[in-house]
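The structure under discussion is supplied below as structure tokens; questions concerning it will follow.
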2 protein chains.
Amino acid sequence: MSIKDVAARSGVAFQTVSKVLNGKGSVTPATRERILAAVAELGYVPDAQARSVRTRTTATIGVITIDFSNTTIAQHVVGIEREARRHNRDVIITSVDEQGSDCERSLRILRERRVDGIIVNAPAVEDREDIAELLRTGPPTVSLHHLPGDNHTLVHSDGRASALLPVRHLLALGHRRIAMVTGWSARRISHVRHQAYVQALEEAGIDYDPALVEEGRWDVDEAYRATHRLFDRSGDITAVFAQNDQMAIGVLSALHDRGLRVPADCSVIGCDDIPIATQTIPPLTTVRVPFYEAGETAVRVLLALLAQDTSQPQTDSDQAPRDVVLPVHMVYRSSTGPVPE
Amino acid sequence: MSIKDVAARSGVAFQTVSKVLNGKGSVTPATRERILAAVAELGYVPDAQARSVRTRTTATIGVITIDFSNTTIAQHVVGIEREARRHNRDVIITSVDEQGSDCERSLRILRERRVDGIIVNAPAVEDREDIAELLRTGPPTVSLHHLPGDNHTLVHSDGRASALLPVRHLLALGHRRIAMVTGWSARRISHVRHQAYVQALEEAGIDYDPALVEEGRWDVDEAYRATHRLFDRSGDITAVFAQNDQMAIGVLSALHDRGLRVPADCSVIGCDDIPIATQTIPPLTTVRVPFYEAGETAVRVLLALLAQDTSQPQTDSDQAPRDVVLPVHMVYRSSTGPVPE
DNA sequence: CTGTTAGCGCATTCAC
DNA sequence: GTGAATGCGCTAACAG
């Protein structure tokens with residue numbers, strides 16, 4: 001079932017069918033009708049592969065992503081898919097494991113498929129210089145996290161603010177002994193938030209105390225254990241900042257098990273604003289991070305990059321790599337309160 | 001950069017390169033080496049599109065899915081991608097909205113791309129006869145939920161057991177006034193679980209009381225409100241079955257706000273076993289539903305279907321549609337306990 | 001073992 | 001306005 005069958009059915013040459021289907025050239029309304037009718041009757045569907053071979057463009061965006069079974073990562077991917085769809089682009093997903101070891105394979109697959117561009121959603125490779133280099137040899141790429149080298153296009157939310165805001169909020173409530181459960185220390189965002197935490201404390205004239213920091217590895221159960229470690233060590237903690245909401249849930253659970261009331265005895269603040277943050281016990285004060293928007297923005301930036309590549313760049317500055325930072329903001333619920341007496 | 005460039009570089013005809021790259025025919029080790037060397041030096045990557053045009057197979061699986069930003073739906077998709085990758089298949093994602101109105105478009109896109117098969121992950125279309133019919137005209141399809149007509153291949157978890165098990169557990173603990181927060185009533189699974197709930201009660205000689213059922217629409221906030229409606233109406237409830245964990249979290253929150261202790265005053269049981277179920281307050285007794293496995297199984301079944309299509313079917317019975325049902329099982333944590341005095 | 005001939009479905013250029 | 005010729009990158013059958 002091809003363009004030729006349609007041509008035969010409508011009594012024209014197959015090239016004419018091609019014109020009608022692409023809206024190119026000029027065709028008599030009469031024959032146009034006949035062709036369209038034949039298309040409908042035959043249920044003809046054009047072959048995107050064959051078209052791609054000719055046009056040398058696939059209208060496809062490749063995505064390299066880690067496991068997206070948790071909400072925040074999934075929102076990135078969903079945002080990408082939606083925005084791509086709006087621009088009539090298809091999306092091919094390739095996954096990499098937590099170590100990013102499959103990344104070369106993913107890249108190869110996407111190159112074989114001649115994707116127009118790639119969006120990287122794999123913090124696992126944020127420090128892999130080999131991957132970053134490999135990426136430079138392929139189609140235009142936008143990353144949702146850091147990549148080695150300074151000529152990559154990045155789209156991400158404001159990592160510093162996502163820690164500055166909540167810690168400042170706790171400080172404003174009078175807290176001085178503020179603990180932190182960090183993400184996986186192998187990830188840059190954990191350190192960025194760590195630094196912002198230190199900075200916020202300094203702003204308030206408080207010395208950094210490493211005893212108040214434990215690693216939760218983004219994991220709800222590990223955060224539970226981390227919280228116990230913190231309180232076993234420092235009984236005077238009055239607030240905990242968890243670097244994501246998932247871990248904040250583990251923190252709430254641990255505090256509950258220790259008989260500490262939130263926020264009366266201890267405040268808890270998270271980060272991300274996942275859907276269930278409204279119904280934790282108590283509802284979680286947190287930072288809203290725009291994951292969908294990040295995915296959508298990445299697509300728009302990538303498309304702009306592609307358009308720029310084909311048109312004649314006026315000056316070199318047009319090609320300057322960009323770094324889009326999306327703002328975050330506080331969401332106040334009831335897991336935070338004034339410091340206890 | 002094509003196969004011809006490689007041929008020129010290694011001094012052979014381009015067809016010979018094709019043979020080497022595909023392991024077909026026989027080639028002198030010497031020339032083979034030369035060709036492989038040229039491939040490496042040039043960084044040649046074959047064009048999957050062009051190959052597809054010839055071979056009339058794309059090694060691609062299309063996925064039609066609703067928004068997968070919640071864990072359970074995402075696990076389906078992740079399972080699909082992983083298993084497809086293991087079988088060297090690529091995955092194209094197309095999303096449909098909650099009403100399934102984009103489904104025709106998705107299907108068209110996947111047909112244009114000549115995907116080998118399709119996996120449907122969109123409960124939104126489970127009662128759409130038009131879509132089901134359309135699906136029959138396309139490539140082989142496996143659905144992760146019901147579809148109208150009885151000749152579709154289905155892969156899903158045991159919906160009845162996912163309600164029978166938890167309700168029986170509550171009954172065994174002595175509960176008699178067991179409330180239920182249902183999913184969205186527009187979805188079949190809500191009704192399947194509703195029926196199983198009624199059946200479990202009947203087994204215990206308890207009459208069904210509609211006052212004990214409220215709709216939570218799969219939503220954490222709506223489940224919170226539904227719980228208040230239930231208890232405003234019936235003060236004697238001693239246990240609540242939420243049709244998914246997300247809603248169970250809303251139930252826990254509502255009970256907490258009403259000053260009811262879980263499980264001392266009221267037991268709560270969920271369904272799905274999402275990751276944070278271990279750290280809710282209290283940790284949630286629930287039913288483990290194998291979402292990853294469902295996605296993986298769907299791919300395997302689809303691949304089997306494709307293999308069967310190409311080989312000569314011995315008898316008609318070989319083509320019989322299948323209905324794979326994955327087992328579920330209880331996970332006991334501390335949100336359930338014996339009925340209070 | 002190698003190269004030749006053929007054609008997949010489509011878009012584009014240029015005659016008519 | 002329409003169709004013939006041409007080629008995209010590749011695989012497959014066959015001839016040398």
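Every value quoted in this text rests on a predicted model; they were computed, and no experiment measured them. Basis for what follows: all heavy atoms, side chains included, without hydrogens, waters or symmetry-related copies. Lettering of chains follows the sequences in order, A, B, ..., and the numbering in each one begins at 1.
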Starting from P on D:dG9, measure out to CZ on A:Arg114 and report it in whole angstrom.
->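 After rounding, the reported distance stands at 9 Å.
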
Pairs where residues 114-134 of chain A contributes a residue and the test ring-ring contact (aromatic ring centres under 6.0 Å, His included) is met, not counting sequence neighbours =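 Of all non-adjacent pairs touching residues 114-134 of chain A, none passes ring-ring contact (aromatic ring centres under 6.0 Å, His included).
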
Nearest-Å distance, NZ (B:Lys24) to C1' (C:dT2)?
-> 17 Å

Using a heavy-atom cut-off of under 4.0 Å over every strand shown, decide if B:Ser2 touches base, sugar-phosphate, or nothing.
-> sugar-phosphate

State whether the side chain of A:Asp116 and the backbone N or O of A:Ala59 hold a donor-acceptor pair below 3.5 Å, judged by distance alone.
-> yes

Is A:Arg85 salt-bridged to B:Asp102, cutoff N-O under 4.0 Å?
-> no

Backbone N or O of B:Ala124 within a donor-acceptor pair of the B:Gln99 side chain at under 3.5 Å?
->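 No, because the side chain of B:Gln99 does not come within donor-acceptor range (under 3.5 Å) of the backbone of B:Ala124.
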
Pull out every residue in residues 47-57 of chain A that has a heavy atom closer than 4.0 Å to any atom of DNA chain D, ordered by number, or say none.
-> A:Val53, A:Arg54, A:Arg56

A:His145 and A:Ile189, any side-chain heavy atoms less than 4.5 Å apart = no

Kindly say if A:Lys4 contacts the phosphate of C:dG9, meaning a side-chain N or O under 4.0 Å from OP1 or OP2.
-> no

Residues from residues 7-17 of chain B sitting under 4.0 Å of DNA chain D, heavy atoms only?
->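 By residue number: B:Phe14, B:Gln15.
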
Look up atom CD1 in A:Ile3 and atom OG in A:Ser18, then write down how far apart they are to the nearest 0.5 Å.
-> 4.5 Å

Side-chain donor-acceptor contact under 3.5 Å, B:Ser69 with A:Tyr292 =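 Yes - a donor-acceptor pair under 3.5 Å links their side chains.
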
Just by distance, do the side chain of A:Ser157 and the backbone of A:Phe291 share a donor-acceptor pair under 3.5 Å?
-> no

Residues of residues 26-44 of chain A with a heavy atom under 4.0 Å from any atom of DNA chain D, listed by number, are A:Ser26, A:Val27, A:Thr28, A:Thr31

Determine, for B:Glu296 against B:Arg86, whether the closest basic-nitrogen to carboxylate-oxygen distance falls under 4.0 angstrom.
->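 The answer is yes: the pair qualifies as a salt bridge.
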
Listed by chain and number, what are the side chain to side chain contact (heavy atoms under 4.5 Å, CB included) partners of A:Thr60, not counting sequence neighbours?
->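 With sequence neighbours excluded, A:Thr60 shows a side chain to side chain contact (heavy atoms under 4.5 Å, CB included) to A:Thr58, A:Asp90, A:Ile92, A:Val115, B:Arg113, given in chain and number order.
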
Counting N and O atoms only, with roles assigned by atom type, does the side chain of B:Asn22 sit under 3.5 Å from a partner on the main chain of B:Lys19, one being a donor and the other an acceptor?
->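 A pair under 3.5 Å: no.
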
So which protein N/O to nucleotides 14-16 of chain D N/O distances come out below 3.5 Å?
none

B:Glu104/B:Arg108 ion pair, N-O < 4.0 Å |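 No salt bridge links B:Glu104 with B:Arg108.
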
To the nearest angstrom, how far is A:Leu21 atom CG from C:dT12 atom P?
-> 13 Å

Once you round it to whole Å, what is the distance between C1' of D:dC10 and CD of A:Glu112?
-> 13 Å

